[in-house]
Amino acid sequence: MKTEKHDAIVLSSADEKSVNRHFVEQLHAAPLPDDELLANLGLFLTSKNLSRILFFNEIYKKIVTTHGVICEFGVRWGQTLSLLSALRGIYEPFNRHRKIVGFDTFAGFVGLDADKDGPLCQCRDGSFSVSQDYARYLDQILAMQEALNPIPHLKKWELVQGDAAQTIPDYLRRHPETLVSLAIFDFDIYQPTRCALEAIKPHLFKGSVLVFDELCDDIFPGETIALREVFGTENLRIQRHPTTARVSYVVLE
Ligand SMILES: C[S@@+](CC[C@H](N)C(=O)[O-])C[C@H]1O[C@@H](n2cnc3c(N)ncnc32)[C@H](O)[C@@H]1O
């Protein structure tokens with residue numbers, strides 16, 4: 001099942017979708033005053049959505065004692081980046097080296113491979129797009145996240161727009177100092193995932209955490225194929241957290 005506007009996949013049942021629609025109507029019609037709205041967003045957090053936040057909280061705790069930046073490969077609306085910025089504010093508000101870098105076309109998939117990505121996702125280049133000029137909106141959100149935490153005058157995030165095949169190697173050429181403490185792979189598809197894995201490999205170290213959104217997922221087989229080709233999977237301890245079904249992680253040993 002696809003979303004109406006941006007060709008994204010939703011696996012919810014009809015009943016779930018109906019309750020979700022009511023939730024969204026109630027969110028739009030919220031009778032809360034503006035100055036109490038942000039503090040009460042938990043009203044609208046469902047178990048499914050909360051589970052992902054709990055997962056990233058556990059992951060963040062694993063990197064607090066390691067050095068390096070956070071990279072998200074596949075940002076889309078940027079919820080994970082914003083959440084990570086908030087977690088940095090909680091766990092290590094003075095760590096100016098913990099830059100958060102997000103890579104995305106902000107125009108949906110680029111590089112879908114009919115063979116490696118298979119038929120089940122029924123996607124095309126351009127699927128999982130976002131609204132026009134979305135990167136600029138997200139930039140403002142991330143600026144506000146930083147403004148509410150210590151040392152806001154030191155910018156600690158970057159959005160890198162364009163096809164990952166070019167932008168990731170370019171970014172790392174511009175930033176040869178980069179160590180990656182946390183890499184989140186969520187391009188969904190083979191080609192950009194493979195490019196990202198190859199590009200960051202020399203920037204990883206024992207203790208780096210790699211998060212994968214689609215390993216062992218038959219709808220998006222390309223992510224697993226890319227990991228197997230670049231790192232092999234037989235020596236990786238691929239773990240999951242009880243709160244989420246799909247997301248997995250590896251701590252490099
Ligand atoms: C599933 S979404 C990411 C969701 C996001 N991580 C989150 O937590 O909400 C996949 C993203 O990968 C991006 N993407 C796919 N192919 C790409 C490519 N070749 N270069 C850059 N971004 C790409 C798409 O634009 C899309 O936003």
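Quick caveat: nothing in here was measured; it's all calculated off a predicted structure. Values reported hereafter were calculated over all heavy atoms of this structure, with side chains retained and with hydrogens, waters and symmetry mates removed. Just so you know, ligand 1 is whichever comes first in the structure, and atom 1 is the first atom listed for that ligand. Numbers for residues simply follow the sequence, beginning at 1.
When the side chains of ILVMFWY residues are joined at heavy-atom separations under 4.5 Å, either directly or via intervening members, Leu54 and Tyr91 end up in a single hydrophobic cluster.
Residue contacts with ligand 1 for Ile184 are absent, since no atom lies close enough (heavy atoms, distance under 4.0 Å). Contacts between Pro192 and ligand 1, counted as non-hydrogen atom pairs separated by less than 4.0 Å, involve the side chain only.
The heavy atom nearest to atom 15 (C) of ligand 1, considering only Phe128, Tyr134, Phe109, is found in Phe109.
For ligand 1, the atoms lying closer than 4.0 Å to a non-hydrogen atom of Asp163 are 18 (C), 19 (N), 20 (N). Listed by number with element, the atoms of ligand 1 under 4.0 Å from a non-hydrogen atom of Thr80 are 7 (C), 8 (O). Of all atoms in ligand 1, numbered sequentially from 1 with element shown, those under 4.0 Å from a heavy atom of Glu72 are 5 (C), 6 (N), 8 (O). Within ligand 1, counting atoms from 1 as listed, the ones closer than 4.0 Å to a heavy atom of Asp188 are 1 (C). When each atom of ligand 1 is checked for a heavy atom of Arg52 under 4.0 Å away, the hits are 8 (O). Every atom of ligand 1 with a heavy atom of Phe187 under 4.0 Å away is listed here by number and element: 12 (O), 13 (C), 14 (N), 15 (C), 21 (C), 22 (N), 23 (C). Listed by number with element, the atoms of ligand 1 under 4.0 angstrom from any heavy atom of Gly108 are 24 (C), 25 (O).
Side-chain atoms of Ser82 and Gln145 include a donor-acceptor pair closer than 3.5 Å. Between the side chains of Glu58 and Tyr249, not a single donor N or O lies within less than 3.5 Å of an accepting N or O.
Nearest to atom 24 (C) of ligand 1 among the protein's heavy atoms is Asp104 OD1, 3.4 Å. Nearest protein heavy-atom contact of atom 9 (O) of ligand 1 is Val75 O, 4.0 Å. Atom 10 (C) of ligand 1 has as its closest protein heavy atom Asp186 O, 3.1 Å. Atom 20 (N) of ligand 1 has as its closest protein heavy atom Ala164 N, 2.9 Å. Of all protein heavy atoms, the one closest to atom 16 (N) of ligand 1 is Val110 N, 3.3 Å.
Using 4.0 Å as the threshold, Trp77 has no heavy atom nearer than that to any atom of ligand 1. Using a 4.0 Å cutoff on heavy atoms, Gly162 counts as a contact of ligand 1. Taking a 4.0 Å cut-off on heavy atoms, Gly111 fails to register as neighbouring ligand 1. No heavy atom of Gln79 sits closer than 4.0 Å to any atom of ligand 1.
A cation-pi arrangement, defined by a distance under 6.0 Å to the six-membered ring centre and an angle within 45 degrees of its axis, is present between Lys201 and Phe231.
With salt bridges taken as basic N to acidic carboxylate O contacts below 4.0 Å, one links Arg174 and Glu158. Ion pair Asp139/Arg136 not flagged as a salt bridge, since none of the NZ, NE, NH1 or NH2 atoms sits closer than 4.0 Å to an Asp/Glu carboxylate oxygen. The existence of a salt bridge linking Asp213 and Arg76 is excluded, since no basic side-chain nitrogen approaches an acidic carboxylate oxygen closer than 4.0 Å. Between Glu25 and Arg21 there is no salt bridge, since none of the side-chain N atoms of the basic residue sits less than 4.0 Å from a carboxylate O of the acidic one.
Applying the 6.0 Å contact sphere to CD of Glu198 captures more than 12 heavy atoms from other residues, nucleotides or ligands. Within a 6.0 Å radius of OH in Tyr137, no more than 12 heavy atoms belonging to other residues, nucleotides or ligands are found. More than 12 heavy atoms of other shown residues, nucleotides or ligands fall within 6.0 angstrom of atom CD in Glu16.
Geometrically, ligand 1 and Gly74 share a nitrogen or oxygen pair separated by less than 3.5 Å. Backbone and side-chain nitrogen or oxygen atoms of Phe106 are examined, and none is located within less than 3.5 angstrom of a nitrogen or oxygen of ligand 1.
Between Phe106 and Tyr134, the two ring planes are tilted [angle within 30° to 60°]. Below 30°, between 30° and 60°, or above 60°: for Phe73 and Phe103 the angle between ring planes is below 30°, a parallel geometry.
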